[in-house]
Amino acid sequence: MDTESPSDSSERFKLYDELELQEFQDKFVIKSHQSPNEGFWISRVDGNINLLDGDTVAESPTKTSTIYGVVGTIRLVIGTYAIVITSRKEVGSFLGFPVYRLTSMRVLACNEALRFSTSQEKRDEAYFLTLLKVVESMPGLYYSYEADISLNLQRRSKLVEGWTSKPLWKQADPRYVWNKHLTEELIELKLDRFIIPLVQGSFQTAELKLKDSCATLTLISRRCTRRLGTRMWRRGANFEGDTANFIETEQLLELEEFKFSFLQVRGSIPILWEQIVDLSYKPHLRVISHEQTPNIVEHHFHDLSQRYGEVLAVDLTDKHGEEGQLSAAYAAEMQNQQNVRYVPFDFHYHCGSSNFDDLKILYDQISEDFEKQRYFMIDRKGDILEEQKGIMRSNCIDSLDRTNVTQCYMAQKALNLQLQRIGVLTSSECISMFDEQYGKFRILWAEQGDEISLEYAGTNALKGDLVRYGKKTLTGIIKDGMSALSRYYLNNFHDGIRQDALDLISGHYTVSRNIPSPFQRNGFEPLSYLPVASALIIGGLTATTFTLQQVGRNAHQYVSSVLCAGITAGVMAIVKAKGRQFCSRPRLCGLL
């Protein structure tokens, strides 16, 4: 079946899908297997990148290996570092073209000049290299050698004649290209067939059989890079109206005669707010009052309406406590938005964290607007039969767990409408009546939720069993407890470094020898004292317990018990009071 519209009739651009990496004493050479004269080399001395010529590789390399693409290059204090794809896994197809998940990367260091640098420059370079090692293990990176996966089907259908003959990096939507900053030098050298636009998010696919019809269901989530970051260090919006954890999710349904696309988006509450880790289990939420807040909200929703049409904004946060204060601040700003319908829905109050079908309460409130937005539909010739005229934007606090459950419910409603439209289901039937196929649909959404949660929060999604089974299970409760504890540890003691890594590779922080080292701003590193403080607390509690046991035998032990307890309480009070300073904090960029 022809998978592209008539506007794609010209010759399609294709990237090199296998490359040869040659390692020499003074350089790395990367060239195509298919076209050995096509490629480039990077000096290991000064990091300069040069196109291949006839004299470049006269000697024999010390090592040769196969790689599957170049993520990009980055210049640090002294050296240049190239990041290459060392393994991949084919995970499905996008409109007929294979899609791969990046499974491992390698950083090639071109920093021989480091030995001539100062001690501070060496320390800085070492920390930046640590950040690149963090990048090596980034999850959820997808790409194709033959198709741009950053554009949804509806936008692709509007492409001009010959668009797909352009290099993939020119076709791509830059807001969803995870490695955009890393490809700049390769673009300058016009190495178009080596430049892979990576999309971070999720790609899930399943084959459905409904009665006599076979269909492919694909779920693609695309993470926006404009406010890229981790759960606690990137909240809310920046001054341009870009929000943290903003993700476009497209549900594609492909049958023999028709293709459907249904879009939803999620993102952090689009005002200025923060939740700084401080060793407490649930850090305080704080709304930041600023005169620019109305403009921020306006910019955010104007951008959404320009891209998608009418916006239905569903706020799933609690309506009491600190969440309620944040929700109230959001609701107050939304009163000034003319073309957006704002719907507050307390997910925990109505659904009780236990029943998927209780979301019918929300659906009944928004069904008229939701169904009016429709979906995108084309036939096998590429003729447009229906367009999606708006978008549902969902959020909770993290825009992960409650949001994923809600989006799954709405996607199920859209899927029913599509299958009824073409007669696969009657008007009284729905996907949930077909247990095996419904199970596949649920698994797609559950695994997508896990993957995008892993990217933002560091763990799988909570409430995953609500998506998989429609209700809470004992196993799910235990998994949620373990994930919550893991989030606590990662958010407090690891995410500062992870945030720095994301700021570095996304270009939000640019390394330069002409600015002071970001690591000289203060000499005290509280995180390094946390193990000592922890040891003192544990030792103090142990000593207090031991001396109390001895009090009955020796009254003098009472004084020792009081002293140990006092020291322990003092250390605990210091750690609690200075909780923020003891946590892992980003060092390169501010919160906004």
Side-chain angles (χ1 to χ4, degrees), residues 13-19 21 30 67-74 81-95 97-108 131-152 155-156 164 166-187 191-205 218-230 245-250 448 451-452 454-456 498 501-508:
F13 189 91
K14 187 177 185 301
L15 300 173
Y16 294 129
D17 57 2
E18 281 194 9
L19 305 175
L21 170 63
I30 296 174
I67 59 174
Y68 301 97
V70 181
V71 174
T73 62
I74 187 168
Y81 297 81
I83 306 173
V84 298
I85 301 171
T86 52
S87 65
R88 67 190 180 188
K89 180 181 180 181
E90 187 173 344
V91 291
S93 64
F94 177 66
L95 305 176
F97 302 103
V99 173
Y100 298 86
R101 183 174 70 242
L102 192 160
T103 51
S104 67
M105 291 181 268
R106 179 187 168 194
V107 175
L108 306 178
L131 300 183
L132 293 185
K133 292 298 182 183
V134 173
V135 171
E136 282 185 332
S137 59
M138 285 288 171
L141 296 173
Y142 295 89
Y143 66 95
S144 173
Y145 297 105
E146 300 178 67
D148 165 38
I149 64 172
S150 71
L151 294 181
N152 60 62
R155 288 192 66 193
R156 291 177 69 86
T164 55
K166 294 176 178 288
L168 284 191
W169 69 266
K170 288 186 177 180
Q171 298 180 38
D173 184 340
R175 74 180 65 203
Y176 296 124
V177 178
W178 181 84
N179 59 328
K180 176 178 177 290
H181 175 66
L182 301 177
T183 61
E184 289 177 356
E185 283 201 77
L186 301 181
I187 289 173
L191 288 162
D192 293 339
R193 293 193 181 275
F194 292 84
I195 301 170
I196 299 178
L198 297 175
V199 172
Q200 188 180 45
S202 183
F203 187 96
Q204 310 290 334
T205 187
T218 304
L219 202 57
I220 310 172
S221 288
R222 306 172 176 101
R223 179 179 298 281
C224 180
T225 62
R226 291 183 173 179
R227 190 158 167 73
L228 197 61
T230 59
N245 201 30
F246 185 88
I247 295 172
E248 176 191 86
T249 296
E250 180 177 22
Q448 180 249 193
E451 193 161 20
I452 62 177
L454 194 64
E455 296 156 14
Y456 186 55
R498 203 157 64 99
L502 291 169
D503 286 333
L504 180 66
I505 60 97
S506 63
H508 293 146

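This one's a predicted model, so the numbers in the text were calculated from it and none came from an experiment. In what follows, residues are counted from 1 in the order of the sequence shown.
- R223 places no side-chain N or O within 3.5 Å of a backbone atom of N245 that could act as its donor or acceptor partner.
- Note: Y143 and Y100 have parallel aromatic rings, judged against thresholds of 30 and 60 degrees for the angle between ring planes.
- A distance of 12.0 Å separates CG of L198 from OH of Y142, quoted to the nearest 0.5 Å.
- Judged by distance alone, with hydrogens and angles left aside, the side-chain atoms of T225 form no donor-acceptor pair with the main-chain N or O of Y176 at under 3.5 Å.
- Side-chain contact between L182 and I505: present, with at least one pair of heavy atoms (C-beta onward) separated by less than 4.5 Å.
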Checklist entry - Going through the checks in order, is the side-chain contact (heavy atoms from CB on, under 4.5 Å) test met by W178 and E455? => result CA-CA 12 Å; W178 181 84; E455 296 156 14; over 6 Å; no
Next on the checklist: One pair to check against side-chain contact (heavy atoms from CB on, under 4.5 Å): E248 and R175. What are the steps and the verdict?
Outcome noted: CA-CA 11 Å; E248 176 191 86; R175 74 180 65 203; over 6 Å; no
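- Listed for the R226 side chain is no donor-acceptor partner under 3.5 Å among the backbone atoms of F246.
- A salt bridge is defined here as a Lys NZ or Arg NE, NH1 or NH2 lying under 4.0 Å from an Asp or Glu carboxylate O, and R155 with D173 meets this definition.
- Contact between Y145 and Y68 at its shortest, heavy atoms only, is OH-O, 2.6 Å.
- The CG atom of N179 sits 11.5 Å away from atom OG of S506, with the distance rounded to the nearest 0.5 Å.
- The two residues L132 and I83 come nearest to each other via the heavy atoms CD2-CD1, 4.5 Å.
- Considering every non-hydrogen atom in both A172 and V177, the closest pair reads CB-CG2, 3.6 Å.
- Rounding to the nearest 0.5 angstrom, the gap separating the CG atom in L228 from the OH atom in Y456 is 10.5 Å.
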Item to check | Derivation of the side-chain contact (heavy atoms from CB on, under 4.5 Å) call for M105 and L141 | outcome: CA-CA 11 Å; M105 291 181 268; L141 296 173; 3.9 Å; yes
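- Listed by chain and number, the residues in a salt bridge (Lys or Arg N to Asp or Glu O under 4.0 Å) with K133 are E136 (sequence neighbours excluded).
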Next on the checklist: What verdict does the side-chain contact (heavy atoms from CB on, under 4.5 Å) test give for L102 and V71, after you've listed the backbone C-alpha separation in whole Å, the side-chain angles of each residue and the deciding distance to 0.1 Å?
Outcome noted: CA-CA 10 Å; L102 192 160; V71 174; 4.0 Å; yes
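- Nearest heavy-atom pair, L21 versus R106, reported as atom, atom and distance to 0.1 Å: CD2-NH1, 3.7 Å.
- When all heavy atoms are compared, the tightest approach of G69 to I196 is CA-CD1, 3.6 Å.
- Summarising the geometry, atom CZ belonging to R498 is positioned 6.5 Å from atom CG belonging to L502; distances are rounded to the nearest 0.5 Å.
- Rounded to the nearest 0.5 angstrom, T73 OG1 and H181 NE2 are separated by 8.5 Å.
- Q200 places a side-chain N or O within donor-acceptor distance of the main-chain N or O of P139, the cut-off being under 3.5 Å.
- With E250 contributing its side chain and I220 its backbone, the two residues share no donor-acceptor pair below 3.5 Å.
- In this structure, the side chains of W169 and T183 stay at 4.5 Å or more apart for every pair of heavy atoms.
- The nearest pair of heavy atoms linking F97 to A147 is CD1-CB, 3.7 Å.
- The closest side-chain heavy-atom distance from T218 to T205 is below 4.5 Å.
- A donor-acceptor pair shorter than 3.5 Å can be found between the side chains of S87 and T103.
- Side chain of E146 to main chain of P98: no donor-acceptor pair is present (N/O by atom type, distance under 3.5 Å, no hydrogens or angles).
- Side-chain contact check for R88 versus D17: some heavy-atom pair is nearer than 4.5 Å.
- Between R156 and D148, the closest side-chain pair of non-hydrogen atoms falls below 4.5 Å.
- I149 CD1 to R222 CZ: the interatomic distance, rounded to the nearest 0.5 Å, is 7.5 Å.
- The backbone N or O of T249 lies less than 3.5 Å from no partner atom in the side chain of S221, so there is not a single donor-acceptor pair.
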